[in-house]
Each structure stands twice: as C-alpha cells, then as structure tokens.
Amino acid sequence: MTFEPIALAAPGVRRLSPYQPGKPLDALEREYGVRNAIKLASNENPLGPGPAAVAAARAALEGVGRYPDGAGFGLKRALAARLGVDAMQITLGNGSNDVLELVARAFLGPDTEVVYAAHAFAVYALVTQAAGARAVVVPARDWGHDLDAMRAAVGPRTRLVFIANPNNPTGTWLRAGDLEGFVRAVPENVLVVVDEAYFEYVDEPDYPDTVGWIAKYPNLITTRTFSKIHGLAGLRVGYGVSHPAVADLLNRVRQPFNVNSAAAAAAEAALRDEAHVARSRDMNRAGLRQLTEGTKKLGLPHIPSTANFVCIEVGQAAAVYEGLLREGVIVRPVANYGMPRHLRVTVGLPEENERFLKALDKVLGGSRR
Ligand SMILES: *Cc1c(COP(=O)(O)O)cnc(C)c1O
C-alpha cells in the first residue's frame with residue numbers, strides 16, 4: 001500500500017487549494033534575471049511602517065526571551081480607547097486573516113452555510129472549506145457585493161456572511177445606508193463579518209464605520225489590520241471587534257500567544273502615529289489618480305477603487321502579467337478570482353507607478369491606442 005495522506009485529510013481540506021500570494025521580489029530577480037524589480041502586488045504600504053513603529057518593535061526585541069502578553073493588554077487598551085469600545089470586545093489576530101479563521105473555527109461546521117460574494121477576498125472561501133461548511137457564492141453586481149441577492153441567499157443553515165468593504169481585489173465599496181439595511185435585515189442568529197482591512201484609506205463621505213454599529217447589532221463582527229495603511233504586513237497583527245460574548249468565543253479558539261511581542265509593540269506605536277497614516281493616505285490618493293489616469297490614457301478601463309489598489313482591464317491578463325515581469329514589475333493576476341481580463345495593481349511610490357505605466361505601455365506595444 002502506498003502512503004496517501006490526502007485520503008486521511010479532513011473532507012474540507014482535501015479540496016482546498018492554498019492561498020496564492022504575490023510573487024516575492026527576490027524570486028522574480030532569481031527567475032527572470034532582472035534587477036531593481038518593483039512589487040505592486042500585495043497591497044502593502046510603499047512607505048512601509050512609520051519610524052515610531054519600527055523603534056517600538058526594535059525595543060521589544062530586547063524582551064523576547066519572555067512569552068508575549070497572551071491577553072494583549074496594552075494593544076487592546078489602546079485600540080479600545082481609539083475605537084470607543086470595551087477591551088473585552090477585541091480579539092487580536094496574527095494578521096486579520098487569523099481573526100477570519102478564528103470566526104470560522106468558532107462558528108462553522110459541516111451543517112452550516114456561509115454567504116459571500118463572487119470576486120470577494122479569497123480567504124473567505126479557504127476558511128469556509130477548511131471548516132467543512134458549505135459556501136454560497138453570490139454573483140456580483142458591477143464587480144461589487146449585490147446585497148439584495150446576498151440577503152436572499154441567507155437561509156436556515158446560514159451561520160455566517162463575509163463582506164469586504166472595500167473588497168479586495170475589486171476595490172468596490174458599500175455605502176453606510178445600504179450596508180446597515182443589510183445588517184438590519186439579516187436574522188440575529190447569522191453572524192455578519194465586515195472586513196475593513198482598507199478602512200483607513202477610504203475617504204468617501206458615505207463609507208461606514210461599522211464598529212459604531214456593534215452596540216445595535218450584536219451579530220456584527222468588524223475586522224481590521226495593521227498590515228495595510230500602518231505598513232506592518234510582515235509583523236502580522238490584526239483584530240476583530242464584536243459583542244463581548246462573541247469575542248469570548250473567538251478567544252477560546254485563539255492560540256494564547258498568536259500576536260508576538262514585537263508586533264504588538266509596533267502596532268501600539270503605529271496606532272498613535274497619526275501623521276504616518278495621514279501621509280500614507282495622501283500619497284495613496286495621488287497614486288490612485290496617477291494609475292487610473294495613466295491607464296485611461298492607454299485606453300484601458302478600470303474598476304473604480306477606494307482602496308490602495310486598482311483592477312485594470314488589460315485583455316489577456318496572463319500574457320500582460322508575464323510581460324510586466326520581464327520588465328521587472330510584479331502586479332497581481334486575478335484569474336483565480338474569476339477575473340482573467342484584469343490585473344490588480346497596488347498603488348506604489350510615484351516613481352513606481354510611473355515605471356508600471358511605462359512598462360505596461362511597452363508590453364501592450366502601443367497597440368491598444
Ligand atoms: C489584506 C487583507 C486582509 C488581511 O490581511 P492580514 O495581513 O492578515 O491582516 C483581510 N482582508 C482583506 C480583504 C485584505 O485585502
């Protein structure tokens with residue numbers, strides 16, 4: 001008999017395909033022999049973290065002989081004060097992906113269903129399948145969440161709804177009135193996770209801050225992260241805010257030391273560094289304009305985005321992606337999101353955006369104009 005671990009795997013895990021991250025810079029340089037490559041593929045802050053966050057992480061390294069504070073007291077207290085909630089409502093995660101997984105682990109099982117939108121963040125499908133639950137994927141409207149159709153998809157077995165606002169990879173977003181109408185209409189025994197990984201980037205007047213809704217809708221869970229505007233993707237810190245009884249359940253399945261001490265210290269410092277957040281937001285706003293105006297000039301449509309990335313319709317995206325790699329520019333193909341004609345481009349430094357636009361023009365050979 002041959003050793004067949006796949007036959008031993010839990011049913012949900014057998015059909016799972018792993019999350020596909022963006023290509024790392026050193027892999028591109030190794031494989032394609034290009035130098036000075038740039039990466040606009042993982043929605044990272046091109047400015048990186050602010051100096052205060054880096055200093056706090058460095059200082060924390062002196063103490064790594066000890067286990068971190070398993071309760072995350074300092075960071076939770078800082079978040080609670082900032083968000084106007086009780087520390088008991090917060091669940092810290094090793095990135096907000098970790099929190100999404102904790103929600104799945106705490107609430108899903110084989111007889112449950114999860115509703116989310118087509119082209120929504122890939123982790124929803126991953127954690128749903130791994131938990132052995134059934135995914136109900138609702139077709140999108142104009143690339144965004146169709147909340148009416150999602151409401152109609154909620155049935156007696158639905159335990160959880162995932163909503164990304166704004167959504168990755170499409171960049172589409174939901175208005176406060178529409179989203180609150182949805183949350184109000186969903187039965188209270190269905191949890192609604194609103195994933196706000198790009199919250200700090202959005203500057204639309206109708207964009208909701210759902211943390212303020214939790215007092216009214218106890219089935220609501222808001223998740224946010226330090227990976228995006230705070231520039232701490234490599235350290236892995238995110239959090240969920242929920243009703244304290246929900247947070248208690250999430251904390252039961254959480255590994256006791258899931259957020260390391262350097263990450264917690266950096267996150268606390270990053271939260272206070274409002275200047276870095278403002279600088280990052282301003283730079284992103286200008287960069288998003290640079291990318292969309294530049295690609296418009298090349299005759300390419302894009303999906304309007306409020307985040308730090310934009311999906312550009314390039315036609316044969318796989319070939320264009322390859323061409324860009326040869327020019328030393330890494331972007332993200334999104335065929336695995338059902339979008340084979342688009343590439344997702346993260347807003348970079350002004351000179352990186354310019355380099356992407358030049359490379360794209362070259363790869364398309366001017367033939368599009
Ligand atoms: C990046 C991202 C996250 C979280 O990433 P973490 O690094 O795990 O915090 C969550 N949701 C969406 C939609 C994202 O794009």
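Excluded from the calculations below are hydrogen atoms, water molecules and symmetry mates; all remaining heavy atoms, backbone and side chain alike, are included. When a ligand or atom number is given, it counts from 1 through the structure's own listing order. Counting begins at 1 with the first residue of the sequence.
Ligand 1 places these atoms under 4.0 Å from at least one heavy atom of Y198: 1 (C), 14 (C), 15 (O). Interface of K228 with ligand 1, defined as ligand atoms under 4.0 Å from a residue heavy atom, comprises 1 (C), 2 (C), 3 (C), 4 (C), 5 (O), 14 (C), 15 (O). Annotation for ligand 1: atoms under 4.0 Å from non-hydrogen atoms of G95 are 6 (P), 8 (O), 9 (O). In summary, the atoms of ligand 1 found under 4.0 Å from a heavy atom of N168, numbered by their order in the structure, are 13 (C), 14 (C), 15 (O). Listed by number with element, the atoms of ligand 1 under 4.0 angstrom from any heavy atom of R236 are 6 (P), 7 (O), 8 (O). Of all atoms in ligand 1, listed by their number and element, those nearer than 4.0 Å to a heavy atom of A197 are 2 (C), 3 (C), 10 (C), 11 (N), 12 (C), 14 (C).
Aromatic pair F121/Y116: ring centres not closer than 6.0 Å.
Checked by atom type, the side-chain pair N168/R344 shows a donor-acceptor distance below 3.5 Å. Side chains of E322 and Y32: a donor on one and an acceptor on the other come within 3.5 Å. No hydrogens or angles considered: a donor-acceptor pair under 3.5 Å links the side chains of R254 and N251.
G238 does not count as a contact of ligand 1, since none of its heavy atoms falls under 4.0 Å from the ligand. For D195, the closest heavy-atom approach to ligand 1 falls below 4.0 Å.
Neither the backbone nor the side chain of F226 has any atom closer than 4.0 Å to an atom of ligand 1 (non-hydrogen atoms only).
Ring planes of Y217 and W213: perpendicular class, angle over 60° (limits at 30 and 60°).
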